[in-house]
Amino acid sequence: MRPEILFPLFKPLTALDGVGPRIAKLIEGLAGPHLADLLWHLPSGLVDRRFSPKVAEAPPGAIATLTVTVDHHIPPPRPKLPYKVFCSDDTGTLTLVFFHAHGDYLKRQLPEGTTRLVSGKVEVFGNDIQMPHPDHMVPPEDAHKVRIVEPVYPLTAGLTLKRLRHGIEGAIAMAPDLPEWQDAAFRTREGWPDWRTALGQAHAPEEAQDLEPLTPVRRRLAYDELLANQLALALVRLNMRRLSGRSINGDGSLRNKLIDALPFDLTGAQQRSGQEIAADMASDSRMLRLLQGDVGSGKTVVALAAMLNAVECGSQAALMAPTEILARQHIKTITPLAEALGLPVVLLTGREKGKKRQAILDSLADGSIPLAIGTHALFQDDVAFKDLGMAIIDEQHRFGVHQRLTLAAKGRAVDVLVMTATPIPRTLMLTAYGDMDVSRLDEKPPGRKAVSTRVLPNSRLEEVVAGIRRAMDSGARIYWVCPLVEESETTDAAAAEARHEHLKEVLGDRVGLVHGRMKGTEKDRVMAAFASGELSVLVATTVIEVGVDVPEATVMVIEHAERFGLAQLHQLRGRIGRGERESSCLLLYAPPLSETARKRLEVMRETEDGFRIAEEDLKLRGAGELLGTRQSGLPEFKLADLSVHGDLLAAARDDAQLIIDRDPDLKNERGQNLRTLLYLFERDAAVRFLRSG
Ligand code: ADP
Ligand code: MG
């Protein structure tokens with residue numbers, strides 16, 4: 001249970017003064033649903049209002065706080081013209097300019113003949129010194145409220161800085177003093193303030209350098225977050241080790257049949273990974289292994305073989321995918337193979353409902369079905385297996401540690417294999433998986449043709465469309481990927497819909513559309529039509545990013561490629577070049593390109609090597625690329641930035657290990673405080689593994 005001291009921080013945003021449901025929604029999209037999330041929303045800039053020149057000396061463009069006498073008001077002579085208030089000091093006249101003004105309000109704020117402090121941006125028009133819409137207008141006795149430095153925060157459409165700042169101030173005011181979880185000696189050596197102080201200072205920058213990630217204040221907060229991450233992973237590992245495993249060591253009968261049934265030979269890498277997995281399963285400690293292989297490297301067969309190993313021993317196996325499309329894809333590949341072996345498979349997603357779902361649950365509970373494939377639906381509370389021995393989690397980075405564990409908890413000593421197509425650099429690997437064992441599929445199945453990649457400005461779109469028409473005529477199948485507009489699926493979908501309309505006009509009816517806002521059945525129908533060739537062009541949002549397999553597709557167009565991260569571009573492009581035919585990828589961009597965007601596209605043109613791309617990605621993100629982590633699917637840190645806080649990650653990992661060695665159940669005083677840390681960063685699942693609450 002979450003400690004009481006943290007209750008105030010986990011209140012909803014509406015608990016704040018002046019925050020109603022509408023504003024709460026905006027803030028939630030920006031930061032998160034709880035007050036704690038507001039604490040992590042650190043300033044990205046500041047406004048310094050301490051500069052107080054005379055009117056005549058106020059430089060245009062500067063933020064300044066001026067002390068002036070209000071001379072007279074001039075309401076707009078015609079609608080649409082601004083309301084003006086003329087003010088002055090002994091050096092000159094300052095005109096305050098207001099559009100859409102309420103005269104009554106301004107008369108009350110700025111009575112003629114009074115002295116006022118006005119703060120805002122100074123502008124000069126001809127000989128006129130102006131301040132449009134001052135941020136502050138107060139009587140002299142309130143000067144202390146204005147001549148200050150104010151933090152500036154990243155915003156979202158519809159949310160004003162003032163409101164957000166007010167919310168954050170409210171959240172900080174509610175933040176309790178928390179007991180220190182850092183090692184005392186370490187904290188002294190680093191010169192870090194306590195948590196509450198660090199938080200306050202992080203939100204009250206005085207100078208530009210206070211915003212740098214390497215200040216003691218920011219480093220402390222980053223370390224807290226990294227320590228929570230590393231400690232949670234260490235606890236998960238510890239828990240895995242504590243739970244006794246069991247040996248799963250089938251006689252190979254089903255696997256041999258599988259190999260006979262496959263229309264191809266396994267690659268060397270597939271064989272090697274298969275052996276590593278089998279050895280882990282055979283041992284009586286629990287398996288926690290990562291199968292890492294670039295898109296198209298053939299992970300599915302390796303996964304199926306591991307599942308069959310469990311079935312050979314009379315137990316069940318489950319494969320969980322992050323999206324419904326993917327789960328269906330897996331079932332499509334696996335069902336014919338399983339049928340050849342005489343094994344029934346079920347699919348369980350959010351869409352199986354009522355009687356049908358109940359029948360599936362029954363068959364899993366009584367063990368009559370050995371193989372289950374599904375989405376999150378697989379770890380709902382009412383899903384039970386007779387004897388789950390093997391759990392595979394595909395494209396793991398989309399799931400949290402918590403979900404991974406919930407599935408594993410559905411059986412006795414379940415062996416867990418996690419599959420990912422993201423070639424993850426070592427440092428990031430640590431944050432996502434801790435010290436997991438890894439098998440790598442570093443060899444592609446034979447016969448794959450290279451994908452030729454071209455980068456074009458979107459002014460050549462119509463040319464590209466003409467090329468698509470020719471490709472269609474020769475029977476090609478084409479993905480057309482629409483840009484990520486915002487984090488919202490709704491806007492992405494709108495962009496895709498518009499493009500779909502346009503392409504249908506030019507290319508005819510063989511153009512389909514799939515996006516995340518569509519109903520599941522509708523998505524399936526479109527995907528099936530594309531897979532069968534009934535549709536030639538599939539306009540899509542990034543729902544096709546992971547795993548979708550239509551080997552006949554040979555062309556991919558990505559619009560606004562500059563908006564995608566490298567990892568995501570690589571994933572997307574992996575959808576083509578799967579068959580025997582030459583494939584090409586067209587990356588369309590909207591100029592002008594930022595330096596990092598240009599480099600990303602260049603890397604894409606130069607190489608198809610996932611590991612090289614991952615490394616470049618990290619380097620470019622180090623240069624301040626914000627899109628990176630979210631799109632590569634790795635855990636996102638709110639306070640830590642691995643491109644600058646790498647040393648802290650290593651320290652946090654050692655610290656976590658030491659903590660676990662000395663006080664594995666977090667019982668002593670520091671241990672108790674560390675529990676609070678875990679809850680603060682919502683690593684609740686990890687706390688549940690401790691032997692005593
Ligand atoms: P991944 O999940 O790693 O992206 P898949 O398992 O979906 O890759 O495999 C991609 C494609 O390659 C599938 O069509 C699969 O049947 C095929 N494939 C897998 N292994 C081999 C192999 N050894 N030789 C030839 N084709 C293979
Ligand atoms: Mg796959």
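Atoms within each ligand, like the ligands themselves, are counted from 1 in listed order.
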Practice problem: Just jot down the ligand 1 atoms closer than 4.0 angstrom to any heavy atom of Asp294, in number order. | Solution: 3 (O)
Quiz item: Counting each atom of ligand 1 from 1 as listed, which ones have a heavy atom of Ser297 under 4.0 Å away?
Solution: 3 (O), 8 (O)
Self-check item: Asp394 near ligand 1 by a heavy-atom separation under 4.0 Å
Solution: no
Exercise. Tell me which part of Met419 gets within contact of ligand 1: side chain, backbone, both or neither, using heavy atoms under 4.0 Å.
Key: neither
Self-check item: Salt-bridge contact Asp294-Lys299 (side-chain N to carboxylate O under 4.0 Å)
Solution: no
Quiz item: Near Leu266, which atoms of ligand 1 are under 4.0 Å from a heavy atom of that residue?
Solution: 23 (N)
Quiz item: With a cut-off of 4.0 Å, which atoms of ligand 1 are near a heavy atom of Thr267?
Solution: 23 (N)
Quiz item: Do any N or O atoms from the side chain of Asp387 and from the backbone of Ser315 form a donor-acceptor pair under 3.5 angstrom?
Solution: no
Quiz item: In chain order, what residues pass the side-chain contact (heavy atoms from CB on, under 4.5 Å) check against Lys257, with sequence neighbours excluded?
Solution: Leu341
Quiz prompt | From CE (Met287) to CD1 (Ile277), nearest 0.5 Å | solution = 6.0 Å
Practice problem: Check each atom of ligand 1 against the heavy atoms of Asp265 and keep those under 4.0 Å away; list them by number with element. | Solution: 22 (C), 23 (N), 24 (N)
Quiz item: Looking only at distance, does Gly298 have an N or O less than 3.5 Å from an N or O of ligand 1?
Solution: yes
Self-check item: Carboxylate-amine/guanidinium proximity below 4.0 Å for Lys523 and Glu324
Solution: no
Practice problem: Under 4.0 Å from a heavy atom of Thr300: give me the atoms of ligand 1 that qualify, with their elements. | Solution: 2 (O), 5 (P), 6 (O), 7 (O)
Practice problem: To the nearest 0.5 angstrom, please state how far the CH2 atom of Trp480 sits from the CE atom of Met556. | Solution: 12.5 Å
Quiz item: Which residues pass the side-chain contact (heavy atoms from CB on, under 4.5 Å) test with Asp260, sequence neighbours left out?
Solution: none
